[in-house]
Amino acid sequence: MFERAASDAFRPGRREVLVGAVAMVAAPAFGAGPAAEPRVERMSPAFDRMVAAGTRVETIATGIRWAEGPVWVEAGQYLLFSDPPANIVRRWRKGGPAVPFLDPSGAGGTDPKLIREPGANGLTLDREGRLLIANSGGRSIDRLDLVTRRRETVVDRYQGKRFNSPNDMHVARDGTLYFTDPPYGLTEGDTSPLKELAVNGVYRLRPGGMVELLEGSLTRPNGIALSPDETRLYVSVSDESAPRIMVYDLDAKGVRNARVLLDATAMKARGGAGLPDGMKVALDGTLVCSVPGGMMVMTPDAEPLALVTTGAPIANCAFGERGRALYMTANDRVLRLSLRGGWQGEG
């Protein structure tokens with residue numbers, strides 16, 4: 001186990017005034033029900049270099065129980081996204097409907113009294129183009145060869161104890177896998193009889209197979225990403241009482257200097273639907289983060305640039321089409337936002 005950050009006791013961020021202003025955009029009493037027409041709230045002229053004025057958000061798929069984990073597969077020119085409670089991963093190509101790709105996507109035959117989300121949650125690609133699956137119901141990280149469909153377990157334990165329900169992932173340039181392990185897949189959460197680990201951890205899996213616990217003090221670690229130079233680790237905390245996005249300094253020894261990048265308490269208090277969830281980081285360091293009220297685009301210093309809203313939670317996102325599109329999994333649907341050519345996204 002690596003040294004944990006000095007403290008994750010929740011404390012107000014130094015951008016309370018800024019966050020309050022952002023919260024006003026998310027001020028309507030959003031619920032988690034059916035989504036409204038998606039729209040983009042521009043909050044800075046700097047956003048225009050990413051998205052042309054007047055660009056509309058497209059809805060490309062509907063009828064999903066809970067859309068999650070999008071990943072663009074450039075080699076096949078398609079989007080994959082998960083539906084954890086339905087235990088399905090679907091595939092979408094331009095001009096066609098979303099169709100089942102993996103069914104079941106996670107664990108089959110689970111007991112709903114014990115497993116709340118049997119299916120896959122987060123999805124990403126490894127450096128060889130294989131699909132990595134945060135198998136919430138199976139409580140493991142899996143790998144799928146997209147050509148042969150051969151599937152295998154990459155890791156399912158830390159120090160001999162089973163993970164809770166792996167949720168989201170990020171692959172570093174050297175192949176190291178960073179992932180979060182909240183208890184969301186377990187019906188009774190922290191009190192589940194299946195829970196073997198005392199923590200809800202943030203982990204690092206080295207290419208050689210060694211698992212390291214980087215952070216074990218977060219109540220609900222969720223989305224995860226690295227800065228482009230891989231010196232900072234971002235983790236969303238989807239805690240109802242203290243929703244926030246954390247940032248850590250990162251090196252070979254682990255994480256240190258934990259601090260709150262974005263305090264989302266005011267957003268949640270004003271009725272913003274959802275909690276900090278999935279995120280992605282662009283090659284220039286711009287963050288796209290799920291927050292109460294929608295999907296926020298912001299600078300590495302948490303200066304808001306735009307907010308995509310639907311009136312319902314937007315759980316996760318992915319860049320695609322060589323940085324020319326942003327895909328968002330939004331409650332019961334999947335959205336696509338065209339980006340200006342040349343603005344490249346990571347992942």
Side-chain angles (χ1 to χ4, degrees), residues 1-16 19 121-122 134 136 139-141 155-170 172 176-186 188-192 194-206 210-227 230-268 274-279 281 287 289-292 302:
M1 172 178 171
F2 272 39
E3 180 181 359
R4 196 171 64 193
S7 172
D8 184 50
F10 182 67
R11 54 191 182 276
R14 62 186 178 88
R15 299 181 180 82
E16 288 178 304
V19 172
N121 198 304
S136 182
R139 304 169 66 189
S140 61
I141 302 292
V155 64
D156 62 359
R157 284 170 169 81
Y158 173 68
Q159 295 185 343
K161 296 181 179 180
R162 294 199 66 185
F163 292 124
N164 305 316
S165 52
N167 185 277
D168 212 347
M169 305 169 288
H170 181 102
T176 297
L177 178 66
Y178 294 80
F179 64 98
T180 57
D181 185 42
Y184 286 134
L186 306 176
E188 297 180 47
D190 286 326
T191 62
S192 170
L194 299 181
K195 196 174 194 297
E196 298 180 19
L197 289 161
V199 302
N200 299 317
V202 178
Y203 296 92
R204 174 165 64 183
L205 175 63
R206 299 288 195 176
M210 183 174 67
V211 183
E212 303 159 0
L213 176 63
L214 296 178
E215 170 63 282
S217 70
L218 301 176
T219 52
R220 292 292 184 268
N222 200 316
I224 189 167
L226 299 183
S227 61
E230 301 189 346
T231 63
R232 291 197 286 182
L233 174 70
Y234 301 102
V235 180
S236 292
V237 183
S238 49
D239 186 323
E240 288 271 359
S241 62
R244 63 205 186 275
I245 297 174
M246 300 294 297
V247 59
Y248 305 82
D249 294 331
L250 176 70
D251 58 26
K253 294 182 179 180
V255 296
R256 64 184 190 283
N257 192 22
R259 61 244 188 229
V260 177
L261 177 71
L262 181 72
D263 176 0
T265 305
M267 295 178 183
K268 186 64 181 172
L275 291 162
D277 200 325
M279 69 172 81
V281 180
L287 286 84
C289 306
S290 177
V291 298

Quiz prompt | Worked check of side chain to side chain contact (heavy atoms under 4.5 Å, CB included) between Leu275 and Glu240 | solution = CA-CA 7 Å; Leu275 291 162; Glu240 288 271 359; 3.9 Å; yes
[X] (side chain) donor-acceptor with [Y] (main chain) under 3.5 angstrom:
{"X": "Asp251", "Y": "Gly254", "result": "yes"}
{"X": "Asn164", "Y": "Asp181", "result": "yes"}
{"X": "Ser238", "Y": "Pro221", "result": "no"}

Where [X] and [Y] come nearest, the two heavy atoms and their spacing:
{"X": "Asp263", "Y": "Thr265", "answer": "OD1-OG1, 2.7 Å"}
{"X": "Lys195", "Y": "Pro183", "answer": "CE-CB, 4.2 Å"}
{"X": "Ala264", "Y": "Pro276", "answer": "CB-CG, 4.1 Å"}
{"X": "Ile141", "Y": "Pro166", "answer": "CD1-CB, 3.6 Å"}

Practice problem: Please list, chain by chain and in numerical order, all residues satisfying side-chain contact (heavy atoms from CB on, under 4.5 Å) with Asp168, sequence neighbours excluded. | Solution: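 Once residues adjacent in sequence are excluded, the partners of Asp168 under the side-chain contact (heavy atoms from CB on, under 4.5 Å) criterion are Thr180, Ile224, Asn316.
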Self-check item: Set of residues satisfying side-chain contact (heavy atoms from CB on, under 4.5 Å) with respect to Arg162, sequence neighbours excluded
Solution: Arg139, Arg157, Glu196
What I'd like to find out is whether the side chain of [X] reaches to under 4.5 Å of the side chain of [Y], using heavy atoms alone.
{"X": "Leu262", "Y": "Met267", "result": "yes"}
{"X": "Ser140", "Y": "Val155", "result": "no"}
{"X": "Arg204", "Y": "Val211", "result": "no"}

Who passes salt bridge (Lys or Arg N to Asp or Glu O under 4.0 Å) against [X], sequence neighbours left out?
{"X": "Asp249", "answer": "Arg259"}
{"X": "Arg220", "answer": "Asp190"}
{"X": "Glu230", "answer": "Arg173"}

With rounding to the nearest 0.5 Å, note down the distance linking [atom1] in [X] to [atom2] in [Y].
{"X": "Met246", "Y": "Ser217", "atom1": "CE", "atom2": "OG", "answer": "7.5 Å"}
{"X": "Ser236", "Y": "Asp277", "atom1": "OG", "atom2": "CG", "answer": "7.0 Å"}
{"X": "Leu197", "Y": "Leu213", "atom1": "CG", "atom2": "CG", "answer": "8.5 Å"}
{"X": "Leu214", "Y": "Arg256", "atom1": "CG", "atom2": "CZ", "answer": "12.5 Å"}
{"X": "Leu186", "Y": "Leu194", "atom1": "CG", "atom2": "CG", "answer": "6.0 Å"}
{"X": "Lys161", "Y": "Asp156", "atom1": "NZ", "atom2": "CG", "answer": "15.0 Å"}

Quiz item: Stepwise, does the side chain to side chain contact (heavy atoms under 4.5 Å, CB included) test hold for Leu218 with Val235?
Solution: CA-CA 10 Å; Leu218 301 176; Val235 180; 3.8 Å; yes
Self-check item: Contacts of type side-chain hydrogen bond (donor to acceptor under 3.5 Å, both in side chains), residue Tyr234, not counting sequence neighbours
Solution: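 In terms of side-chain hydrogen bond (donor to acceptor under 3.5 Å, both in side chains), with neighbours along the sequence ignored, Tyr234 is linked to Arg232.
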Practice problem: Sequence neighbours left out, what passes side-chain hydrogen bond (donor to acceptor under 3.5 Å, both in side chains) with Ser192? Give chain and number order. | Solution: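 With sequence neighbours excluded, Ser192 shows a side-chain hydrogen bond (donor to acceptor under 3.5 Å, both in side chains) to no residue whatsoever.
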Practice problem: Could you walk me through whether Asp239 and Thr219 pass side chain to side chain donor-acceptor pair (under 3.5 Å), step by step? | Solution: CA-CA 7 Å; Asp239 186 323; Thr219 52; 2.5 Å; yes
Exercise. Using the six-membered ring wherever Trp is involved, compare the ring planes of Phe179 and Tyr203 and label them parallel, tilted or perpendicular (cut-offs 30° and 60°).
Key: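 Plane angle under 30°, so parallel.
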Practice problem: Please assess Leu177 against Met169 for the test side chain to side chain contact (heavy atoms under 4.5 Å, CB included), listing each intermediate value before the final yes or no. | Solution: CA-CA 7 Å; Leu177 178 66; Met169 305 169 288; 3.8 Å; yes
Practice problem: Tell me, please, which residues at least two apart from Tyr178 pass ring-ring contact (aromatic ring centres under 6.0 Å, His included). | Solution: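 Once residues adjacent in sequence are excluded, Tyr178 has no partner under the ring-ring contact (aromatic ring centres under 6.0 Å, His included) criterion.
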Exercise. Output, in order, the C-alpha distance, side-chain angles, deciding distance and verdict of side chain to side chain contact (heavy atoms under 4.5 Å, CB included) for Leu226 and Leu250.
Key: CA-CA 9 Å; Leu226 299 183; Leu250 176 70; 3.6 Å; yes
